[in-house]
Number of protein chains: 2
Amino acid sequence: MQTIDERASVPEARIKNMEEFSAISGISRPTVSKYFHDPESVRQSTRKRIEKALERYDYRPNIFAMNQNRKLTKNVGIVVPLLADPYFAEIARNLEQRCIDAGYRPTLFSAHGDPDLEVEVLENLRSLKPAGVLLAPLGRASHRDALAKFCDDVPTLIFDSSVDEMGIAFVGSDNFQFTSHITDYLCRTGEPPCFFEMKTPANPNAHRRRQAYLKAMEAFGHAPQVISVDGEGWAFEEIGRLGGHEALTNKQFSTNTILCSNDRLAIGLLTACYEQGVKVGRAPDCAIRVAGQDGHPNSRYTCPPLTTISHDYDAVSKHAAETLLEAIEGHVSPWKSTRLEGKLILRDSA
Amino acid sequence: MQTIDERASVPEARIKNMEEFSAISGISRPTVSKYFHDPESVRQSTRKRIEKALERYDYRPNIFAMNQNRKLTKNVGIVVPLLADPYFAEIARNLEQRCIDAGYRPTLFSAHGDPDLEVEVLENLRSLKPAGVLLAPLGRASHRDALAKFCDDVPTLIFDSSVDEMGIAFVGSDNFQFTSHITDYLCRTGEPPCFFEMKTPANPNAHRRRQAYLKAMEAFGHAPQVISVDGEGWAFEEIGRLGGHEALTNKQFSTNTILCSNDRLAIGLLTACYEQGVKVGRAPDCAIRVAGQDGHPNSRYTCPPLTTISHDYDAVSKHAAETLLEAIEGHVSPWKSTRLEGKLILRDSA
DNA sequence: ACATTTTTTTTACGCGCGTAAAGATTTACT
DNA sequence: AGTAAATCTTTACGCGCGTAAAAAAAATGT
């Protein structure tokens, strides 16, 4: 490499591609390519030369061209059902960080609550040639066959909500434990709870929670009561609020304690209670107790702050990311489901 | 094109690229390429033949390879400061939809509240060769020069929070009008408000709102009072809660009405009020009134529901998307700032 | 100083698709 | 039927980079 590009004397000259950069740095393109793949893989002296050039010209390889012809990419896709829900935003961010720390390039997608968009996202994801993907399916509404076909083609770890035995593994929370645990707490500290849920929940975890509630109540020798409210879609708070109004008006709650299927529903219910002047909490002057499930980011700021059982965000995302990355790196193992326990968060609502 | 690929008889044969697809469809690759660029651009009969093949083999072009050598792509990047904030999630989704409807391919990114990540995201965005980008900067913490350089290279519309006179235009809300309007409302319906804000707000809109508050109070002939609470970062609710506790304990509020700089701060303040047993609302038995600003998705579900002045989400995102897409399509015009008025949303908190 | 090992350079092709140009084919139209 | 216009096929190159193989150069060891 003898020729030094004349433009090297003009600091502002923008480097368009690796070819140009290799010219001004005086290092051959394949070596430069190697450097960007792993800076440690080239000799110390050439690394210095490259980095010196890098200081003067802020060239960066085109990430999409990079992946075009690579055997194994470092891309991982993260797909959640609905980014507008802070719960998913939170866990997605957590997963992103773990991927970055492990040297991977995460890209985040949301299905925006729409099953068609979910498969659309997955189809587009193929173009990224991802080494793997972390997928939280929409749930009930997901197009099973499309997801399954995707999982056949690219290493996919399912998290949050499981759909059949898809992908390389499932990591999520132990919904039975969630509901049993908080039901137990509620029974020990006051009247046994009734269960407040959506009639047609978007996601299979809700079914598990109802089952766990019924079983727990039976075990404790109490009569269960399930209130299933109408409502489709992902506007859980509004569904909870409207359903709450109806249930309160018709005096459908058989006890003074209400366990909600999830925190967002509980938030809506709390609003309904407020609007009807029903005081919520565990103080003597309160009419009812309300508890949620999920440990939603907003649950701390309701009035009263919501007693709930929280996902172990860190543990779930850690286990999910590690399992996927191990699989990517060749660690083969049979399909496995891991469900982590939740932690009870005691606040003023119950 | 005489040779029909033998694999055509095996329906399951996966098509790897456009070459293979053109073979089994019997149409030349350039024509197939043209079809995918715009199905209307090929003759009706060939379009049918392609679509018939498409039914048997679900081939889709690689979107990243597509953009590799295109003069003008249909990509648009959408960058928000923090996806975990439902406000941004909401507006981002709105923008995405508008881009899709206009025939563009939006991709969503979040800076996750980190200025370094913000420039990182923009650098990576370059690889996408976007036709344009919709950028809501972090604000105060943003690396101005990096953003400016990016705006020089790719058509960028700034929204939500303006940073200098960057990009092709700014579209956001009229923060002066916001605060003037709601201050006016509060003054007319009770005691004039004091102003509750963060000492070092993340985003320049906060300054405008404080100024507007001061000016409005002066205009109405009332003495203003600004309570600035400590706190860094994006955990506004917690900052509002802690600051609220301190202000309540020290009796810093000079009137019974508190206008918060934004809804998330207000949500935290409401929690502090609850925790101190201070009743909020406009009913006779309430101690204070609290109002927010933004029309945050959660504001409907606080207890009491939060009176606020809401962004016109639809109008902002519509104007932002249209302005960018017009610019992309050749419509040149000088830099311009558009600030849309907000709508007062009366609820129970004030 | 020599041979050996490690690293770099050259050369060349591939990824999946855009795109331009010239020729062949098909359509539309008088 | 004949001509012009529209569309398609062929051929060829480009985008920005990965990667393999052979040759050249540099570092290492004795």
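Every chain is numbered from 1 and lettered A, B, ... according to where its sequence line falls, protein lines coming before strand lines. Below, all heavy atoms of this structure are taken into account, side chains as well, without hydrogens, waters or symmetry copies.
Between B:Ile15 atom CD1 and C:dG16 atom P the separation is 13 Å, expressed in whole Å. Spacing between atom CE of B:Met18 and atom P of C:dT19 amounts to 11 Å, rounded to whole angstrom units. Straight-line distance from the CD atom of A:Glu20 to the P atom of D:dC15: 10 Å, rounded to whole Å. Atom NZ of B:Lys16 and atom P of C:dG14 are 16 Å apart (whole Å). Spacing between atom CZ of B:Phe64 and atom C1' of D:dG18 amounts to 18 Å, rounded to whole angstrom units. Rounded to an integer number of Å, the gap from B:Leu128 CG to D:dC15 C1' is 15 Å. The separation between A:Glu19 atom CD and C:dT10 atom P is 11 Å, rounded to whole Å. Computed from coordinates, the A:Arg47 CZ to D:dA26 P distance equals 22 Å when rounded to whole Å.
Projected onto DNA chain C by closest heavy-atom contact, B:Arg43 and B:Tyr59 fall at different nucleotides, the more 5' of which corresponds to B:Tyr59. For B:Ser45 and B:Met66, each mapped to the nucleotide of DNA chain C holding its nearest heavy atom, the one lying further toward the 5' end belongs to B:Met66.
For the pair B:Ser28 and D:dC8, the criterion of a side-chain N or O lying under 4.0 Å from OP1 or OP2 is not met. Side-chain N/O atoms of B:Asn62 include none lying less than 4.0 angstrom from OP1 or OP2 on C:dG16. A:Lys129 has no side-chain polar atom (N or O) that falls below the 4.0 Å cut-off from OP1 or OP2 of C:dC15. Listed pair A:Thr46 / C:dT8 meets the phosphate criterion, a side-chain N or O lying under 4.0 Å from OP1 or OP2.
Applying a 4.0 Å cut-off to non-hydrogen atoms, the residues of residues 33-40 of chain B that approach DNA chain C are B:Ser33, listed by residue number. Residues from residues 67-77 of chain B with heavy atoms under 4.0 angstrom of DNA chain D, sorted by number: B:Gln68, B:Asn69.
A side-chain contact (heavy atoms from CB on, under 4.5 Å) with A:Asn67 is found for one member of A:Asn75, A:Leu72, A:Asn62 and no other, namely A:Asn75. Each of B:Ile158, B:Leu324, B:Thr156 was compared with B:Ile168 under the side-chain contact (heavy atoms from CB on, under 4.5 Å) criterion, and only B:Leu324 meets it.
Contact annotation for B:Phe21: no contact, since no heavy-atom pair falls under 4.0 Å across all strands.
Note on ring orientation: taking the six-membered ring where Trp is involved, the planes of B:Tyr59 and B:Phe36 are perpendicular (angle over 60°, cut-offs 30° and 60°).
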Review item, side-chain donor-acceptor pairs of residues 327-337 of chain B, under 3.5 Å, at least two apart:
residue  : atom : partner  : partner atom : Å
B:Glu329 : OE2  : B:Tyr104 : OH           : 2.8
B:Trp335 : NE1  : B:Met166 : O            : 2.7

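With sequence neighbours excluded, the residues satisfying side-chain contact (heavy atoms from CB on, under 4.5 Å) with B:Pro115 are B:Leu138, B:Ala141, B:His143. Scored by the side-chain hydrogen bond (donor to acceptor under 3.5 Å, both in side chains) test, A:Ser317 finds A:Asn94, A:Arg98 as partners (sequence neighbours excluded). Scored by the salt bridge (Lys or Arg N to Asp or Glu O under 4.0 Å) test, B:Asp160 finds no partners at all (sequence neighbours excluded).
Within the 3.5 Å criterion, the main-chain N or O of A:Phe64 finds no donor-acceptor partner in the side chain of B:Ser127.
Salt bridge annotation for A:Glu90-A:Arg93: absent, with no cationic side-chain nitrogen under 4.0 angstrom from a carboxylate oxygen.
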(message) What verdict does the salt bridge (charged side-chain N to carboxylate O under 4.0 Å, His left out) test give for B:Arg47 and B:Glu40, after you've listed the backbone C-alpha separation in whole Å, the side-chain angles of each residue and the deciding distance to 0.1 Å?
(response) CA-CA 8 Å; B:Arg47 178 176 174 176; B:Glu40 306 278 341; 3.4 Å; yes

